[in-house]
Engineer: 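Sharing a structure here in structure tokens format.
Values below: every heavy atom of this structure, side chains too, minus hydrogens, waters and symmetry copies. Naming: A, B, ... by sequence-line order, numbering from 1 per chain.
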2 protein chains.
Amino acid sequence: MPAKPARKKAEPTLALDGNGPIYKQIERAVRGEILSGRWPPGHRIPPEHTLLQWFSTTRATVSKALTKMTEAGLLERRRKQGTIVAQSTESHAVIGFLDIRKEIEAKGREYSYRVLRSAKIVAGPKTAAWPEVPAGTPILHLQAVHSGFGKPEVLEERFINLEAAPDAVHADFEAETPNIWLLARLPCTRLRHSIKAEIATAEQAQQLQIPANGPLLVSRRRTWADALPVTCVKLVYPGERNEFVGEFNPLES
Amino acid sequence: MPAKPARKKAEPTLALDGNGPIYKQIERAVRGEILSGRWPPGHRIPPEHTLLQWFSTTRATVSKALTKMTEAGLLERRRKQGTIVAQSTESHAVIGFLDIRKEIEAKGREYSYRVLRSAKIVAGPKTAAWPEVPAGTPILHLQAVHSGFGKPEVLEERFINLEAAPDAVHADFEAETPNIWLLARLPCTRLRHSIKAEIATAEQAQQLQIPANGPLLVSRRRTWADALPVTCVKLVYPGERNEFVGEFNPLES
DNA sequence: CCTCTCTTTATGTGTAGACAATAACCGATA
DNA sequence: TATCGGTTATTGTCTACACATAAAGAGAGG
């Protein structure tokens, strides 16, 4: 005798849209709840067991969708506790740091790289920006300009740890930029970078062919191969002409 | 009659290290080959079928490891064609863009947020930095200062689309910064930001209490909720005192 | 009241196998 | 030779199930 089903939960039981793989449909459905605010930050979403019934699929598929969203920072999952909507939707952003050659060529300009100075030194006061190398370490000190159509675009000042890359003294960096040369030889297992703004010195302004005291965007990067410091590079961009742009789309991937 | 086995491949058949989940061990093993240069960019790695034999596991597990690395940009996979090591080992980096309040409080300073100006305007020449809103859209225009111990740290100029967030006119942004306020109400589905260097105007220098013509780091962000532009914000940091730092460890996750 | 243990819930990881989709490859044919 | 078509290798997605692991909660014993 079928008595009144006595609404068990009255939850709307999300629906799939039939587009593409099931795990992506689940992702869209859940994301829709979050983005619409129906599932606010901190909300505990139904457990996998419930979702697999709503969507008539298996745990592996539901889990794949939720795990992906967790990696994207949209959800937080804990055993026993369940899955909750993450608190901070915005946290960090990705910025493109392409190969400078590609950057310049992408603007349709002919690329050239010219080494202004190349000297073998030892770590000391000159490498103050690179505190990780012990004083006395042999270092290759490079100063160079990246240009497009002969017009200087970026200044580069680089230190290369010759204990990590002894061959660097013989390399032809006008044929292959140090960045590329190093990457091809030594794995980069750690990278640290920073960005700041500075005012152009007279020398920099002249080298970049910009007015004196103009703004500069300075990017400094240090890389390691395992525990061994490999290189420290300072890239100087004219502030007026350059902008680092990043785009982040929480909806995808 | 067992003839000489005639070395089939002589491939070293990578080994697992026994630490943690199998798929992570596979990840480390493969990453090791890539970072060491033994598998250079463009190299075709053994198909899943081979790897699952090397590692005595199943396709699902191998696939999980490789798919994860693909999402991280280390590999490229195509049906039938196989899996190859991605060309650009270095491509982009993550930069922390935390809540300014947290940034300042992390330095141990007492945070305060003061609204300098708040005006209801319509989109037009004043919102040139925000081309996505059609002219005539009602906009809330805010100017504010983030301070630590009373000392100005960051200038903020913000536009809020009142069609997206009509309540913003009544919000008390000194109690809750616009960033937090908006995030709690509207989902951010797309975010676009850029960084550039500028020279402080007299007014900015005075507001930030820095010398005139000093360097500034300018970050501009625009966000969308689905297709609807929500806010456009320009954050101005004194270049001397601030640095955006990011750390990236290709070995993890 | 506190602490310990047991149970329960939910996610984390793994196995085994299936079919689908894609694109390279190879052979047959015009 | 060039093109068409079938075969095959490889990844993409899914089902179904199993056991491991973390943590909350309940109950027993002090």
Side-chain angles (χ1 to χ4, degrees), chain A residues 8-9 11 13-30 33-34 39 42-86 252-253, chain B residues 8-9 11 14-30 34 39 42-86 252-253:
Chain A
K8 303 196 163 187
K9 274 274 185 162
E11 190 108 32
T13 71
L14 305 187
L16 299 181
D17 58 15
N19 269 107
I22 298 177
Y23 75 87
K24 285 191 180 169
Q25 297 183 47
I26 297 177
E27 219 185 309
R28 276 194 296 276
V30 171
E33 296 304 294
I34 296 173
W39 290 355
H43 173 82
R44 180 170 167 183
I45 81 169
E48 293 180 348
H49 179 67
T50 306
L51 293 178
L52 68 87
Q53 288 179 334
W54 286 7
F55 300 135
S56 312
T57 180
T58 59
R59 239 198 91 205
T61 303
V62 171
S63 187
K64 181 169 186 172
L66 299 185
T67 302
K68 237 184 119 207
M69 295 176 77
T70 303
E71 280 163 6
L74 218 67
L75 298 176
E76 287 171 25
R77 324 187 72 200
R78 245 157 293 170
R79 281 164 164 146
K80 166 68 186 179
Q81 189 175 332
T83 302
I84 62 172
V85 178
E252 328 245 296
S253 168
Chain B
K8 303 197 161 184
K9 274 274 185 159
E11 190 107 35
L14 306 188
L16 299 181
D17 58 15
N19 268 107
I22 298 177
Y23 75 88
K24 285 191 180 169
Q25 296 182 48
I26 296 177
E27 219 186 310
R28 275 195 297 276
V30 171
I34 295 173
W39 290 355
H43 173 83
R44 179 169 167 184
I45 82 170
E48 294 180 350
H49 180 67
T50 306
L51 293 178
L52 68 88
Q53 287 179 335
W54 286 7
F55 300 135
S56 312
T57 180
T58 59
R59 238 199 93 204
T61 303
V62 171
S63 187
K64 182 169 188 172
L66 299 185
T67 302
K68 235 183 123 208
M69 295 175 77
T70 303
E71 280 163 6
L74 218 66
L75 298 176
E76 287 172 25
R77 324 188 71 199
R78 246 158 291 170
R79 280 164 163 146
K80 167 69 187 179
Q81 188 173 332
T83 302
I84 62 171
V85 178
E252 329 243 297
S253 168

Engineer: Before giving the answer on side chain to side chain contact (heavy atoms under 4.5 Å, CB included), spell out for A/Ile26 and A/Leu16 the whole-Å C-alpha distance, their side-chain angles and the decisive distance to 0.1 Å.
Structural biologist: CA-CA 7 Å; A/Ile26 297 177; A/Leu16 299 181; 4.0 Å; yes
Engineer: What heavy-atom pair brings A/Arg44 and A/Ile84 nearest, and what distance separates the two atoms?
Structural biologist: CA-CG2, 3.9 Å
Engineer: Hey, could you give me the NZ/CD1 distance between A/Lys64 and A/Ile22, rounded to the nearest 0.5 Å?
Structural biologist: 11.0 Å
Engineer: Can you tell me if the side-chain N/O atoms of B/Ser63 get under 4.0 Å from OP1 or OP2 in D/dT11?
Structural biologist: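 No, no such contact exists.
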Engineer: Distance check, rounded to the nearest 0.5 Å: B/Trp39 atom CH2 versus B/Leu75 atom CG?
Structural biologist: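 The CH2 atom of B/Trp39 sits 9.0 Å away from the CG atom of B/Leu75.
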Engineer: Find the distance between OG1 (A/Thr83) and CD1 (A/Ile45) and round it off to the nearest 0.5 Å.
Structural biologist: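 So the gap between those two atoms works out to 5.0 Å.
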Engineer: Quick one: on DNA chain D, does A/Arg59 or A/Tyr23 contact a more 5' nucleotide (nearest heavy atom)?
Structural biologist: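 Per heavy-atom nearest nucleotide, the more 5' residue is A/Tyr23.
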Engineer: For a quick test of reading the model, state the closest non-hydrogen atom pair linking B/Leu51 to B/Leu66 and the distance between them.
Structural biologist: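 Closest pair (atom of B/Leu51, atom of B/Leu66, distance): CD1-CD1, 3.9 Å.
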Engineer: Between A/Gly18 and A/Gln25, which heavy-atom pair has the shortest distance, and what is it?
Structural biologist: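 What the structure gives for the nearest pair is N-OE1, 2.6 Å.
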Engineer: Measure the distance from CG on A/Leu52 to P on D/dA16 and round it to the nearest whole Å.
Structural biologist: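 The distance from CG of A/Leu52 to P of D/dA16 comes to 10 Å, rounded to the nearest Å.
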Engineer: How many angstroms lie between atom CZ of A/Arg77 and atom OG1 of A/Thr67, to the nearest 0.5 angstrom?
Structural biologist: 4.5 Å
Engineer: Pick out the pairs of N or O atoms, protein on one side and nucleotides 5-10 of chain D on the other, that lie under 3.5 Å.
Structural biologist:
unit_1, atom_1, unit_2, atom_2, d
D/dA9, O4', B/Lys80, NZ, 3.1
D/dT10, OP1, B/Arg44, NH2, 3.2
D/dT10, O2, B/Lys80, N, 3.0

Engineer: Taking only the side-chain heavy atoms of A/Pro21 (C-beta and beyond), determine which of D/dT15, D/dG12, D/dT13 contains the nearest atom.
Structural biologist: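 The nucleotide sitting nearest to the side chain is D/dT13.
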Engineer: Check A/Arg28 against A/Asp17 and note the closest heavy-atom contact, atom names and distance.
Structural biologist: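 Closest heavy-atom pair between A/Arg28 and A/Asp17: NE-OD2, 2.9 Å.
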Engineer: Could you state the interatomic distance from OG1 (B/Thr57) to CD (B/Glu48), rounded to the nearest 0.5 Å?
Structural biologist: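 Those atoms lie 11.0 Å apart.
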Engineer: Using a heavy-atom cut-off of 4.0 Å across all strands, would you classify B/Ile22 as base, sugar-phosphate, or nothing?
Structural biologist: sugar-phosphate
Engineer: Let me test you: for the helix from C/dC1-D/dG30 to C/dA30-D/dT1, what is the angle between the axes at its two ends (five pairs each), rounded to 10 degrees?
Structural biologist: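 Roughly 10°, once rounded to the nearest ten degrees.
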Engineer: What is the first contacted nucleotide of DNA chain C and what is the last, in 5' to 3' order, if contact means an atom lying under 4.0 angstrom from a heavy atom of chain B?
Structural biologist: C/dT13 to C/dA24
Engineer: Checking B/Lys68 against A/Glu71 for the side chain to side chain contact (heavy atoms under 4.5 Å, CB included) test, could you report, in this order, the C-alpha distance in whole Å, the side-chain angles of both residues, the deciding distance, and whether it holds?
Structural biologist: CA-CA 10 Å; B/Lys68 235 183 123 208; A/Glu71 280 163 6; 4.1 Å; yes
